[in-house]
Amino acid sequence: MTLRLFNTLSGQIEPLAPADGQSLRMYACGPTVYDFGHIGNFRTFLEVDVLRRFLLLTGTPVRHVMNITDVDDKIIRNAAAAGIPIGEYTAKFEAAFFEDLDSLKVQRPEVVPHATAHIDQMIELVQKLAAAGAAYKTEDGSWYFRLAAFPSYGKLSKKDLSGMEDGARVDVDEYEKDSARDFALWKAAKPGETAWDTAIGRGRPGWHLECSAMAAKYLGESFDLHAGGEDLMFPHHENEIAQSETANHKPFARHWMHVRFLLVEGRKMSKSEGNFFTLRDLLLKGYRASSIRLALISVPYRHQLNFTFDGLAEATSAIDRLRTFHDRLTKTSFAPGESPALQEAAKKAREEYFNALANDLNTAEARAPIFDLVRAGNTAIDQGQMLAADRDAILAVLSDFDAVFDVLKDDDAEPTRKALVWAEEAGRLDEVAPELRASQSLTDESIDALVAERTAAKKTRDFARADQIRNDLAAKGVVIEDSKDGVRWKRK
RNA sequence: GGCGCGGUACCCAAGUGGUAAGGGAGAGGUCUGCAAAACCUUUAUGCGCCGGUUCGAUCCCGGCCCGCGCCUCCA
């Protein structure tokens with residue numbers, strides 16, 4: 001099955017397959033590690049994760065490279081303000097970033113290169129561009145890319161720069177540029193700033209340079225797919241193309257994927273709007289990592305997603321439905337054999353699921369057949385018609401579903417626990433939701449004991465005591481369910 | 001101004017030239033000591049508005065209204 005994915009470059013949905021027939025080489029722009037990641041950042045990383053997982057599920061190995069931008073203006077400024085070296089400053093936020101990715105179950109790329117570890121490659125690239133007459137040095141020691149050297153500039157974002165007048169918006173710091181649109185390759189060091197002594201002078205890399213250099217090193221000068229948030233299309237990706245194609249004389253990435261920004265409660269997320277959330281903020285409010293994951297990937301990546309607390313609650317309910325069904329399948333014993341109707345239902349669900357994802361990663365459409373199958377399965381179990389082979393067929397479909405969505409396994413406690421540890425260290429325990437605090441105060445053992453006491457009370461028909469225990473636990477976020485096979489409980 | 005996206009039931013959200021997936025929420029019912037879970041029934045004669053093309057449009061075309069994104073370092 002070949003994935004058909006929208007290609008920003010062509011403006012069309014096109015098959016995405018490895019050029020070398022082996023593995024798909026993809027580069028996804030990673031974070032600038034100057035702060036904790038917010039849910040907008042994570043939507044992009046999650047959508048790339050969906051892509052990655054679907055490729056793997058359909059048998060295409062991937063070589064996925066994601067950079068860590070560990071030097072830029074904000075990092076230099078913030079590290080200086082904190083009075084620590086930039087490496088120390090970025091290490092903290094990089095660790096937090098990966099902890100957050102783990103919480104959201106975003107798979108690690110094969111290669112995670114750091115900008116500061118590839119200064120040499122970037123210098124070589126600048127030299128190559130200079131030799132080609134596409135880069136020039138200004139009086140202060142900075143290097144710029146000469147846009148005039150790359151006539152097809154703008155082909156990705158469909159911008160026609162020919163009508164743009166030079167000099168209209170010249171930055172005062174950059175008065176030496178030949179053209180206002182020329183962008184920085186290398187920035188000369190200002191006194192006291194972090195800098196590298198190199199063959200092209202003392203300074204630090206411009207933002208765009210690192211991606212061109214590292215993509216070439218780890219994927220080759222020409223590769224299959226480049227991905228990132230929609231804001232990166234221009235100028236970042238446009239500049240990467242200009243640098244790389246001018247230096248290497250071959251097409252850079254063949255396919256480009258851009259993830260749309262999300263809205264939060266109907267508005268663009270911003271600190272001043274009060275709708276700016278990091279992953280940690282949400283975990284401390286008591287939302288599960290799995291709910292956040294599902295909420296962020298349930299709307300297809302090219303559509304604007306309106307992230308809301310209602311949406312998180314909905315995702316939680318949807319996940320509970322799936323998990324309850326999955327538990328039922330694995331914990332109930334079924335007679336040997338198979339029934340044609342269920343086999344057919346499983347086959348159909350599987351086909352529709354794969355087709356939906358193959359169609360430009362339509363995650364919303366992909367969910368539908370899975371829930372259809374859940375209902376069919378529940379009905380069959382209720383009516384005693386499910387047989388062992390039916391269960392196996394349905395579990396196989398759920399497994400394919402989870403290979404991409406990854407929300408079935410209930411291991412939400414760990415991300416929440418880690419967030420609480422962090423909140424304590426950061427002195428932010430006052431932000432923890434009361435119900436979460438109460439739930440965390442109960443150990444599994446103490447819950448088991450109370451559940452056992454309630455079961456005993458029920459046996460003696462002391463329903464008042466039984467209900468009291470159930471209500472007390474409910475108040476602390478623990479839900480009890482009785483069934484023929486015993487009592488189940490779960491944390492809300 | 002340039003480029004682009006969207007307006008589908010109470011909410012979220014797919015989708016198709018032939019009459020509207022799925023999830024959540026609500027209501028009624030079955031089951032249950034009561035709940036929960038699960039299942040059944042139920043909630044858009046209509047898919048922003050107005051025209052047009054068509055045997056037929058939510059889906060195609062035109063206009064309008066509304067919301068949103070990007071336009072030099074925000075994923």
Side-chain angles (χ1 to χ4, degrees), chain A residues 8 11 28-32 35 37-48 69 72-74 154 157-161 163-164 169 171 174 180-184 206-208 227-236 238-239 258-263 266-270 294-295 298-300 302-308 310-325 327-328 352 356 359 362-372 374-383 458 461-464 466-467 470-471 474 479-484 487-490:
Chain A
T8 309
C29 286
T32 300
D35 202 349
H38 56 70
I39 53 173
N41 298 105
F42 290 120
R43 152 116 129 146
T44 299
F45 296 115
L46 278 163
E47 297 291 6
V48 171
T69 299
D72 90 320
D73 291 350
K74 281 189 288 284
S157 55
K158 318 288 184 254
K159 287 188 190 305
D160 179 7
L161 301 185
M164 293 291 193
R169 295 173 63 186
D171 187 318
E174 299 172 339
R181 293 242 156 208
D182 289 354
F183 60 87
W207 174 37
H208 318 295
E230 65 169 331
D231 61 312
L232 300 182
M233 199 161 85
F234 181 88
H236 183 53
E238 208 73 75
N239 293 353
H258 290 98
V259 180
R260 249 197 117 171
F261 270 19
L262 55 69
L263 262 39
R267 295 176 176 217
K268 182 164 180 176
M269 182 168 64
S270 77
L294 188 65
S298 286
V299 173
R302 279 207 294 145
H303 288 208
Q304 193 171 57
L305 160 71
N306 185 15
F307 186 87
T308 63
D310 283 351
L312 276 181
E314 181 205 312
T316 302
S317 298
I319 289 172
D320 281 346
R321 181 167 166 78
L322 293 169
R323 286 181 182 170
T324 301
F325 177 60
D327 273 5
R328 237 186 142 185
E352 290 179 359
N359 178 24
N362 193 332
T363 46
E365 191 183 350
R367 284 174 45 153
I370 301 303
F371 283 95
D372 283 338
V374 169
R375 184 180 310 103
N378 269 320
T379 302
I381 296 174
D382 282 354
Q383 298 176 347
K458 278 177 62 183
R461 302 194 69 77
D462 181 0
F463 294 121
D467 289 351
R470 186 170 62 197
N471 292 337
V479 179
I480 291 182
E481 291 175 12
D482 295 332
S483 78
K484 293 186 188 72
V487 187
R488 295 197 322 143
W489 63 262
K490 63 188 177 193

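Please read all numbers here as calculations on a predicted model, not as lab measurements. By convention in this document, chain letters (A, B, ...) are assigned in the order of the sequence lines, proteins followed by strands, and residues within each chain are numbered from 1.
- Side-chain contact between A:Glu47 and A:Arg302 is absent, with no heavy atoms from C-beta onward closer than 4.5 Å.
- Among B:rA38, B:rC74, B:rC34, the nucleotide with an atom closest to any side-chain atom of A:Arg321 is B:rA38.
- Looking at A:Arg328 and A:Asp382, their side chains come closer than 4.5 Å, going by heavy atoms from C-beta outward.
- Taking side-chain N and O atoms only, A:Thr379 has a distance below 4.0 Å to OP1 or OP2 of B:rC40.
- The residue A:Arg470 sits close to a base: some heavy atom pair falls under 4.0 Å.
- With B:rA35, B:rC71, B:rC74 as the choices, the nucleotide that has an atom nearest any side-chain atom of A:Phe261 turns out to be B:rC74.
- For A:Arg367 and A:Ser298, the side-chain atoms include at least one donor-acceptor pair closer than 3.5 Å.
- For A:His236 and B:rC73, the NE2 to P distance is 13 Å, given to the nearest whole Å.
- Rounded to a whole angstrom, the distance from the C1' atom of B:rA38 to that of B:rU45 is 32 Å.
- Taking atom C1' on both nucleotides, B:rG1 is separated from B:rA57 by 34 Å, rounded to a whole Å.
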Provide a list of protein-nucleic acid N or O atom pairs under 3.5 angstrom, restricted to nucleotides 1-10 of chain B.
unit_1, atom_1, unit_2, atom_2, d
B:rC5, O2', A:Arg260, NH1, 2.9

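- Nucleotides B:rC49 and B:rU54 have their P atoms positioned 23 Å apart, rounded to a whole Å.
- Contact annotation: the side chain of A:Lys74 never approaches that of A:Thr69 to less than 4.5 Å [non-hydrogen atoms, C-beta and beyond].
- Across all strands, A:Gly311 comes closer than 4.0 Å to no nucleic acid atom at all (heavy-atom distances).
- Nucleotides B:rU58 and B:rA25, compared at atom C1', are 25 Å apart to the nearest Å.
- Between A:Ala295 and A:Leu312 the shortest heavy-atom distance is CB-CD2, 3.9 Å.
- In the set B:rG15, B:rC74, B:rA13, the nucleotide with an atom closest to the side chain of A:Val299 is B:rA13.
- Rounded to a whole angstrom, the distance from the P atom of B:rA20 to that of B:rC34 is 40 Å.
- The distance from the NZ atom of A:Lys458 to the CG atom of A:Asp482 is 3.0 Å, given to the nearest 0.5 Å.
- Checking the phosphate oxygens (OP1, OP2) of B:rA38, no side-chain nitrogen or oxygen of A:Arg323 falls inside 4.0 Å.
- With distances taken from any side-chain atom of A:Glu481 to the nucleotides B:rC70, B:rC40, B:rA37, the minimum falls on B:rA37.
- Contacts of A:Lys74 with the nucleic acid, taken as non-hydrogen atoms under 4.0 Å apart, involve only primed sugar atoms and P, OP1 or OP2.
- Taking 3.5 Å as the limit, the base of B:rC11 and the side chain of A:Asn306 contain no donor-acceptor pair of atoms between them.
- For A:Pro300, taking side-chain heavy atoms from C-beta onward, the closest of the listed nucleotides B:rC39, B:rA13, B:rA75 is B:rA13.
- A donor-acceptor contact shorter than 3.5 Å links the side chain of A:Arg43 to the backbone of A:Arg260.
- Here A:Ile370 lies out of heavy-atom contact (under 4.0 Å) with every strand.
- When the P atom is used for both B:rA75 and B:rC64, the distance is 36 Å, rounded to whole Å.
- Distance noted for atom P between B:rG63 and B:rG22: 36 Å (whole Å).
- Put simply, A:Ser298 has no side-chain N or O that comes within less than 4.0 Å of OP1 or OP2 on B:rG23.
- Nucleic acid contact for A:Asn378: sugar-phosphate only, since backbone atoms but no base atoms lie under 4.0 Å from a heavy atom of the residue.
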Q | Base-pairing string, 5' to 3', of RNA chain B - Watson-Crick or wobble, under 3.5 Å, | interstrand | A | (((((((..(((.....[...)))((((((.......))))))....(((((..]....))))))))))))....
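- Looking at heavy-atom distances under 4.0 Å, A:Ile381 makes no contact with the nucleic acid at all.
- Under the stacking criterion of a centre-to-centre distance below 5.5 angstrom and an interplanar angle below 30°, A:Phe45 is not stacked against the six-membered ring of B:rA75.
- Only the P atoms considered, B:rA27 is 13 Å distant from B:rA37, to the nearest whole Å.
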Under-3.5 Å N/O pairs linking protein and nucleotides 19-22 of chain B:
none

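- Looking at heavy-atom distances under 4.0 Å, A:Thr324 makes contact with sugar-phosphate atoms alone, never a base.
- A donor-acceptor contact under 3.5 Å links the side chain of A:Asp467 to the base of B:rG33.
- The side chain of A:Asn362 places an N or O atom within less than 4.0 Å of a non-bridging phosphate oxygen (OP1 or OP2) of B:rG15.
- A:Glu230 places none of its side-chain heavy atoms less than 4.5 Å from the side chain of A:Thr8.
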